[in-house]
Q: 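What follows is a structure written as structure tokens; I'll ask about it next.
Below, read A as the first sequence line, B as the second, and so on, with proteins coming before strands; counting in each chain starts at 1.
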Amino acid sequence: MNVMNTELRKGKSGIKLKAASSFKNKSKRSDWFWGYLMIAPTILGLAIFYMWPTIQTIYFSFTKWGAFGNHEWIGLENYKQLFHDPNVLKAFENTLIYTVITVPVGIILSIFIAVFLNQKIKGVSFYRTLYFLPVVTMPAAIAMVWKWLYNSDFGLINEILRSVGMKGPSWISDPDIALYSIILVAVWSSVGYNMVIFLSGLQGISKTYYEAATIDGAGPFTKFFKITLPMLTPIIFFVSIMSLINAFQVFDLILMMIGSTSNAIEETQSVVYLFYQNAFVLNNKGFAAAIAVVLLAVILVITAIQMKLQKKWVHYE
Amino acid sequence: MSRSIGVKGKRINWIIHAILIIGALIMVTPFIWMILTSLKTFGETTQVPPVIFPKKIQWHNYSDVFGTLPFLKFYWNTIITTLAKTVGQLFLCSLAAYAFARIQFPGKNVLFILMLTVLMVPGQVFLLPQYMIMVKLGWLNTLQALIVPGLFSAFGTFLLRQFFMSMPKELEEAAKLDGCNHFQIYWHIMLPLAKSGLIALAIFTALWSWNDLMWPLIVNSSPDKMTLSAGLASLQGQHLTNYSLLMAGSVLAIWPMILVFIFLQKQFIEGIALTGSK
């Protein structure tokens, strides 16, 4: 009786177990089914339009293209040529100068504006809207209006300088300063974007830190450097990574403001502009692919360095 | 004592306002100059010293732009592209993001890491082969060339996954007991909860799509399939120095997005701030 009972119990729990595991199996199978089904469109799309093209571009960088879409393997020839081509080296130098100035200046400026907007003053949302306008404006239009403002004969900027008795330079046709004129536009158009991110970061800093600091007799500068800045470092880190990647890909402004016929193009053309010219204007596709691969490598290295360095200066709560 | 602080505080406030106003002027002047120039005659734009306000408002500059290039077509192409990309990405990215965040299946982590690598690669690396795919499909000078590659986004999937990850497990367990399948949970429970993430993604996609220049320039060279951005580039190519016309074209290209921004300001600001914190 007892034995039977335990047998029975065993049996019952066995059935239960079986039922549970078959339910589990069924739900597992359903999980798999839905999982694959739901990621399928995006994964397939990314594979076709992004992952496979990456591999193809790397392959193309070892080939030379003929006029009719035929291409042959030439090994490292494109890379050798690339590192000896003064135009390419100049383009990397230009891009580097552009990035090294645009990113820090943009970040510092937008932190200051965000700090000002975070005070208890009237009209915050009004200012915020105005500073944000360039962010929602297409770069092609921004480039055109600035080209017009920079115009050396009839541009507004030189007119203003003339009215105070100064002679303005040829902002975008003088090879010595054209790159800096573009940098100015880049900073102008990105400040609003970064400012919004910093402003929301500032609003997230607890008031108690500042209250405690006030009791300790800290002035506004001490508060800024000892509380605000350290608390913002995770956001500064995020913004600097995004801005660096963006800056390295500058293209629209150079295409629209300088253009291939300008005297200043060699002193201003960026890596991506050079890529575009080689790939789609000069039909130098293998060489263009090599440029893209080097750009990828540079971005990966810089991001990796930033990731490494972040431990030294980014402050996580 | 407290009065002196008040006076000091007031003075500091004035300094802050002064700085912010100068900054705001620098931000806005190009836009005002764009509009003023677009209403002047060609002669007025090249006068020294400059004319600030046009003597007579030249509305015809705008109709001239429509006369030189099919701007109505540009609007249509840009709107359709932006809408299709935005709606498509919202659906496809959220679908994949839900699966990556809430369902266990073999190979998930490998696929996710593979997707993250796409995020790191600059767009130019894809461009050549993407262009060749378009050539092979015979899609040059079509709207689908503008739309289809932009339907898939590693960024969007990653962003929304962060949202779905943070939702409590109890929600879907209750729904599962009620016999809901994953699609039903995703559609009825998770999507409404991820609203702020969806809005952020929609804003980003719409902005990028509206403003993008290189891809439309590459795939669509025939004027009736151009977007506003590429259209501006070709307007500049045709009328290099006629700035009243070029500025009219610029105004025409940027006002819809600015209008949308002014109406949905809160969503724009919150959406962008959100991506900074995720």
Q: Could you please spell out the steps behind the side chain to side chain contact (heavy atoms under 4.5 Å, CB included) verdict for B:Met257 and A:Thr137?
A: CA-CA 7 Å; B:Met257 217 16 140; A:Thr137 308; over 6 Å; no
Q: Take A:Tyr276 and B:Ile218 through the test side chain to side chain contact (heavy atoms under 4.5 Å, CB included) and record every step on the way to the result.
A: CA-CA 9 Å; A:Tyr276 172 81; B:Ile218 292 168; 4.0 Å; yes
Q: Give a yes or no on whether B:Trp187 atom CH2 has more than 12 heavy-atom contacts from other residues, nucleotides or ligands under 6.0 Å away.
A: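 No, because the 6.0 Å sphere around CH2 of B:Trp187 holds 12 heavy atoms or fewer from other groups.
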Q: Measure the OG-CD1 distance between A:Ser30 and B:Ile103 for me, rounded to the nearest 0.5 Å.
A: 8.0 Å
Q: When you compare the side chain of A:Trp32 with that of B:Pro106, does any pair of heavy atoms fall below 4.5 Å?
A: yes
Q: Apply the test side chain to side chain contact (heavy atoms under 4.5 Å, CB included) to residues B:Gln265 and A:Thr129: give CA-CA distance (whole Å), side-chain angles for both, the deciding distance (0.1 Å), then the verdict.
A: CA-CA 8 Å; B:Gln265 241 185 95; A:Thr129 308; 2.6 Å; yes
Q: Without swapping roles, check the side chain of B:Gln236 against the backbone of A:Met256 for a donor-acceptor pair under 3.5 Å.
A: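 Yes.
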Q: If I take atom OG1 from residue B:Thr117 and atom CE from residue A:Met51, how far apart are they, to the nearest 0.5 angstrom?
A: 5.5 Å
Q: May I ask you to name which of A:Thr42, A:Ile43, A:Val239, A:Ile113 has the most heavy-atom pairs under 4.5 Å with chain B?
A: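 Result: the option with the highest number of such pairs is A:Thr42.
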Q: Sort out for me which of B:Pro30, B:Gly123, B:Ala233, B:Ala24 touches chain A most, counting heavy-atom pairs under 4.5 Å.
A: B:Pro30
Q: Would you call A:Phe154 and B:Pro50 a side-chain contact if the rule is heavy atoms closer than 4.5 Å?
A: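 The answer is no, as the side chains (C-beta and beyond) never meet within the 4.5 Å cut-off.
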Q: Measure B:Ile133 against the heavy atoms of chain A and call it side chain, backbone, both or neither at under 4.5 Å.
A: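 It is the side chain, since no backbone atom gets that close.
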Q: How far does CG of B:Leu127 sit from OG1 of A:Thr57, to the nearest 0.5 angstrom?
A: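 Answer rounded to 0.5 Å: 8.5 Å.
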Q: For B:Trp215, check ring-ring contact (aromatic ring centres under 6.0 Å, His included) against everything at least two apart and list the hits.
A: none
Q: Is the CH2 atom of B:Trp208 crowded by more than 12 outside heavy atoms at less than 6.0 Å?
A: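 Counting other residues, nucleotides and ligands, CH2 of B:Trp208 exceeds 12 neighbours.
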Q: Side chain, backbone, both or neither: which part of B:Met120 has an atom under 4.5 Å from a heavy atom of chain A?
A: both
Q: Looking only at heavy atoms and a cut-off of under 4.5 Å, which of A:Met242, A:Met144, A:Lys120 has the most pairs with chain B?
A: A:Met144
Q: What is the distance from atom CZ of A:Phe132 to atom CD1 of B:Ile272, rounded to the nearest 0.5 Å?
A: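 Output value for this atom pair is 3.0 Å.
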Q: Pick whichever of B:Thr157, B:Thr37, B:Leu151 has the most heavy-atom pairs under 4.5 Å with chain A.
A: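 Result: the option with the highest number of such pairs is B:Thr37.
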Q: Between the side chain of A:Tyr127 and the main-chain N/O of B:Leu20, is any donor-acceptor distance below 3.5 Å?
A: no
Q: Which label fits A:Phe49 and B:Phe152: parallel for a plane angle under 30°, tilted from 30 to 60°, or perpendicular past 60°?
A: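 Rings of A:Phe49 and B:Phe152: parallel, under 30°.
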Q: Give the member of A:Ala47, A:Gly123, A:Pro134 that has the highest number of heavy-atom pairs under 4.5 Å with chain B.
A: A:Pro134
Q: Find the one option among B:Met34, B:Gln124, B:Arg102 whose heavy-atom pairs under 4.5 Å with chain A are most numerous.
A: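 Max contact count across the listed options: B:Gln124.
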Q: Contact part of A:Trp146 toward chain B, heavy-atom cut-off under 4.5 Å: side chain, backbone, both or neither?
A: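 A:Trp146 touches chain B through side-chain heavy atoms alone.
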Q: Considering non-hydrogen atoms only, spot the tightest contact between A:Tyr131 and B:Gly23 and give its length.
A: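 Minimum heavy-atom separation between A:Tyr131 and B:Gly23: OH-CA, 3.3 Å.
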Q: Under a 4.5 Å cut-off applied to non-hydrogen side-chain atoms, are A:Pro53 and B:Val125 in contact?
A: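 Of all side-chain heavy-atom pairs linking B:Val125 with A:Pro53, none is under 4.5 Å.
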Q: Distance from A:Leu46 atom CG to B:Met115 atom CE, nearest 0.5 Å?
A: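 Answer rounded to 0.5 Å: 7.0 Å.
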Q: Are more than 12 heavy atoms from other residues, nucleotides or ligands located less than 6.0 Å from atom CE of B:Met132?
A: yes
Q: What I'd like to find out is whether the side chain of B:Ser250 reaches to under 4.5 Å of the side chain of A:Val145, using heavy atoms alone.
A: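 With C-beta onward as the side chain, the pair stays apart.
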Q: Taking the side chain as every heavy atom from C-beta outward, state whether B:Gln130 and A:Tyr50 have any pair of such atoms under 4.5 Å apart.
A: yes
Q: May I ask you to check whether B:Tyr243 and A:Trp148 place their ring centres under 6.0 Å from each other?
A: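 Yes, the ring centres sit under 6.0 Å apart.
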Q: Just checking heavy atoms, which of residues 290-300 of chain A are less than 4.5 Å from chain B?
A: A:Ala292, A:Leu295, A:Leu296, A:Ile299, A:Leu300
Q: Roughly how far, to the nearest 0.5 Å, is the CD1 atom of B:Ile21 from the CZ atom of A:Phe126?
A: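 It is 8.5 Å, given to the nearest 0.5 Å.
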Q: With chain B as the partner, which of A:Ile121, A:Asp252, A:Leu156, A:Leu44 has the greatest number of non-hydrogen pairs under 4.5 Å?
A: A:Leu156
Q: Picking from B:Met214, B:Gln89, B:Lys176, which has the most non-hydrogen pairs under 4.5 angstrom with chain A?
A: B:Met214
Q: Checking A:Phe116 against chain B: side chain, backbone, both or neither under 4.5 Å from a heavy atom?
A: both
Q: Below 4.5 Å from any heavy atom of chain A, which atoms of B:Val121 appear? Answer side chain, backbone, both or neither.
A: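 For B:Val121, heavy atoms of backbone and side chain both lie under 4.5 Å from chain A.
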Q: Looking only at heavy atoms and a cut-off of under 4.5 Å, which of A:Gln249, A:Gln119, A:Arg128 has the most pairs with chain B?
A: A:Gln249
Q: Using a heavy-atom cutoff of under 4.5 Å, enumerate the residues of residues 107-114 of chain B that contact chain A, numbered in order, or state 'none'.
A: B:Leu111, B:Leu114
Q: Does some side-chain heavy atom of B:Pro122 sit less than 4.5 Å from a side-chain heavy atom of A:Phe275?
A: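 A:Phe275 vs B:Pro122: side chains apart.
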Q: Taking every non-hydrogen pair under 4.5 Å, which of B:Pro149, B:Ala99, B:Ala206 racks up the most with chain A?
A: B:Pro149
Q: Is B:Ile52 atom CD1 crowded by more than 12 heavy atoms from other residues, nucleotides or ligands, each under 6.0 Å away?
A: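 Count not over threshold, so no.
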Q: Hey, mind stepping through B:Leu217 and A:Leu255 against side chain to side chain contact (heavy atoms under 4.5 Å, CB included) and telling me if it holds?
A: CA-CA 11 Å; B:Leu217 221 49; A:Leu255 178 83; 3.6 Å; yes
Q: Between B:Thr46 and chain A, with a heavy-atom cut-off of 4.5 Å, which part of the residue counts as in contact: side chain, backbone, both or neither?
A: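 Both parts, heavy atoms under 4.5 Å.
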Q: Quick check: does any side chain N or O of B:Trp33 sit under 3.5 Å from a backbone N or O of A:Gly155, one acting as donor and the other as acceptor?
A: no
Q: More than 12 foreign heavy atoms under 6.0 Å from CZ of A:Phe237: is that the case here?
A: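 For A:Phe237, atom CZ is crowded (more than 12 foreign heavy atoms under 6.0 Å).
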Q: Can you tell me which portion of A:Thr303 sits under 4.5 Å from chain B's heavy atoms? Options are side chain, backbone, both or neither.
A: side chain
Q: Taking the six-membered ring for Trp and the single ring otherwise, decide whether the centroids of B:Tyr131 and A:Phe280 are under 6.0 Å apart.
A: yes
Q: Counting C-beta onward and ignoring hydrogens, is there a side-chain heavy-atom pair between A:Pro139 and B:Asn211 closer than 4.5 Å?
A: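 A side-chain contact exists here, since the closest heavy-atom pair is under 4.5 Å.
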Q: Using every non-hydrogen atom in the two residues, find where A:Pro41 and B:Leu92 come nearest and quote the distance to one decimal.
A: CB-CD2, 3.7 Å
Q: Who wins among B:Leu246, B:Val148, B:Thr29 for the most heavy-atom pairs under 4.5 Å with chain A?
A: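 When all of B:Leu246, B:Val148, B:Thr29 are compared, B:Leu246 has the most.
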Q: Determine which pairs satisfy salt bridge (charged side-chain N to carboxylate O under 4.0 Å, His left out) with at least one residue from residues 147-159 of chain A, sequence neighbours left out, and list them in order.
A: A:Glu159-A:Arg162
Q: Side chains of B:Phe268 and A:Val135, heavy atoms from C-beta outward: is any pair under 4.5 Å?
A: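 The answer is no; the side chains never approach within 4.5 Å.
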